[in-house]
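Shown next, in structure tokens, is the structure this report addresses.
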Amino acid sequence: LRLPGRGRGRRGGADRHHGLLNEIPIRARPARPIRSERNAMTDNVIISIKGKQLYAESGPDEMELVTSGTLKRDSQGGFTISYQESELTGLEGTTTKLHIDGGRVTLLREGNTNSQMVFEEGRRHLSMYETPFGELSIGINTKRMRSTVDEAGGDLEIDYAIEIDNLLAGENLFRLNVKKHPPLPQ
């Protein structure tokens, strides 16, 4: 999501700090999983994220990111997918968590950027979104959502619209694939 009047094309700039897909600035080139000594022991999945954003004032913006992260089952039968943002995403110092629980997905960002977004098919949720310029109240209207995520990984697809001040700001299609991978030898 870009705020009205913000420029396009600044990689990782302030205009990339809005919406679910802002962590996907890599375009038209294959991405490699981001690994480090710190996360090599705990990361157990490869996460591939593809997104398409449509804005009234411009054509589609397609993006892709591949990173490592974790997939955990919670005590209520839901799943949490988490990963560390990086300098490449413009959200360095932030942890992103997607909690999938039946027909509800909650995206939570904590760290240098903080936000919570809730997705439920056919429902509209209001959220506060922190930006470098202050907080925004945004509406998330989920048109369609599908999840096949289980212990082995799977897919999550969310088709949603974002509203700012009750005005449509953008249409978004978010696709996430999670695959287990073996731990790296020590």
Side-chain angles (χ1 to χ4, degrees), residues 1 11-12 16-17 19-53 61-123 125 127 140 142-160 172-186:
L1 165 67
R11 191 175 183 158
R16 289 275 182 206
H17 287 217
L20 181 61
L21 300 176
N22 62 325
E23 66 265 24
I24 314 172
I26 301 170
R27 299 168 195 240
R29 61 183 163 130
R32 287 176 277 154
I34 300 168
R35 307 275 317 157
S36 71
E37 291 296 320
R38 179 186 55 76
N39 65 15
M41 297 275 297
T42 59
D43 293 354
N44 64 349
V45 293
I46 298 296
I47 302 167
S48 301
I49 302 170
K50 293 181 181 180
K52 186 177 195 177
Q53 299 174 321
D61 190 7
E62 296 184 12
M63 298 166 271
E64 182 174 1
L65 171 74
V66 176
T67 190
S68 59
T70 62
L71 170 65
K72 296 180 182 175
R73 184 178 196 112
D74 66 27
S75 60
Q76 286 80 35
F79 294 92
T80 299
I81 300 165
S82 63
Y83 59 95
Q84 294 293 317
E85 298 289 351
S86 71
E87 187 178 345
L88 290 174
T89 67
L91 296 170
E92 187 174 23
T94 301
T95 300
T96 296
K97 294 180 183 180
L98 287 157
H99 181 72
I100 303 164
D101 189 14
R104 182 180 183 123
V105 174
T106 303
L107 176 129
L108 182 64
R109 286 201 177 106
E110 296 176 311
N112 291 339
T113 300
N114 297 296
S115 66
Q116 179 177 325
M117 300 168 81
V118 178
F119 303 90
E120 282 186 279
E121 188 169 326
R123 300 212 40 204
H125 287 274
S127 299
I140 306 295
T142 307
K143 299 176 191 175
R144 186 174 49 85
M145 188 169 65
R146 179 183 65 84
S147 175
T148 61
V149 174
D150 61 19
E151 294 89 354
D155 295 300
L156 173 65
E157 183 174 299
I158 305 173
D159 184 358
Y160 67 101
N172 300 276
L173 180 59
F174 172 82
R175 291 185 177 126
L176 179 138
N177 174 267
V178 180
K179 292 183 182 171
K180 289 270 191 179
H181 70 82
L184 295 175
Q186 298 188 27

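Taking 4.5 Å as the limit, some side-chain heavy atom of Leu108 sits within range of a side-chain heavy atom of Glu110. Residues Arg175 and Asn177 form no side-chain contact, since every pair of their non-hydrogen atoms from C-beta on lies 4.5 Å or further apart. Contact check for Glu157 versus Met145: no side-chain heavy atoms found under the 4.5 Å cut-off. Between Ile81 and Ile100, the closest side-chain pair of non-hydrogen atoms falls below 4.5 Å. Taking the side chain as every heavy atom from C-beta outward, Ile140 and Thr142 approach each other to under 4.5 Å. The side-chain heavy atoms of Ile46 and Val66, taken from C-beta on, include a pair separated by under 4.5 Å. The side-chain heavy atoms of Leu176 and Ile158, taken from C-beta on, include no pair separated by under 4.5 Å.
Between the side chain of Thr113 and the backbone N or O of Thr94, no donor-acceptor pair lies under 3.5 Å.
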Item to complete: For side chain to side chain contact (heavy atoms under 4.5 Å, CB included), just list the numbers for Phe174 and Val105, CA-CA rounded to whole Å, side-chain angles, deciding distance to a tenth of an Å, and then say yes or no.
Response: CA-CA 12 Å; Phe174 172 82; Val105 174; over 6 Å; no
Worksheet item: Does the salt bridge (charged side-chain N to carboxylate O under 4.0 Å, His left out) test come out yes or no for Glu62 and Lys50, once each step is laid out?
Response: CA-CA 8 Å; Glu62 296 184 12; Lys50 293 181 181 180; over 6 Å; no
Worksheet item: How far apart are the C-alpha atoms of Ser86 and Glu92, what are their side-chain angles, what is the distance that settles it, and do they pass the side chain to side chain donor-acceptor pair (under 3.5 Å) test?
Response: CA-CA 4 Å; Ser86 71; Glu92 187 174 23; over 6 Å; no
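Salt bridge status for Arg144 with Glu121: absent, with no side-chain N to carboxylate O gap under 4.0 Å.
Closest non-hydrogen pair, Thr70 versus Ser82, comes out as OG1-OG, 2.6 Å. Closest approach of Glu151 and Lys180 over heavy atoms only: O-CE, 2.8 Å. A pairwise comparison of heavy atoms in Met117 and Ser127 identifies CA-OG, 3.6 Å as the closest pair.
Distance check: Leu98 CG to Leu156 CG gives 6.5 Å after rounding to the nearest 0.5 Å. In this structure, the separation between CZ on Arg146 and CG on Asp159 is 12.0 Å, given to the nearest 0.5 Å. Within the model, atoms CG of Leu71 and CZ of Phe79 stand 6.5 Å from one another, a figure rounded to the nearest 0.5 Å. Taking CG from Asn44 and OG from Ser68, the interatomic distance works out to 9.5 Å, rounded to the nearest 0.5 Å. For the atom pair OG of Ser147 and CG of Asp101, the computed distance is 10.5 Å after rounding to the nearest 0.5 Å. Atom-to-atom distance recorded for Leu65:CG and Ile49:CD1 is 5.0 Å, nearest 0.5 angstrom.
Between Phe119 and Tyr160, the distance separating the two ring centers is shorter than 6.0 angstrom.
In this model, a donor atom of one side chain and an acceptor atom of the other lie less than 3.5 Å apart for Thr96 and Arg109. Side-chain N/O atoms of His99 and Thr80 include a donor and acceptor closer than 3.5 Å.
The neighbour count for Lys143 NZ, taken as heavy atoms of other residues, nucleotides or ligands under 6.0 Å away, is above 12.
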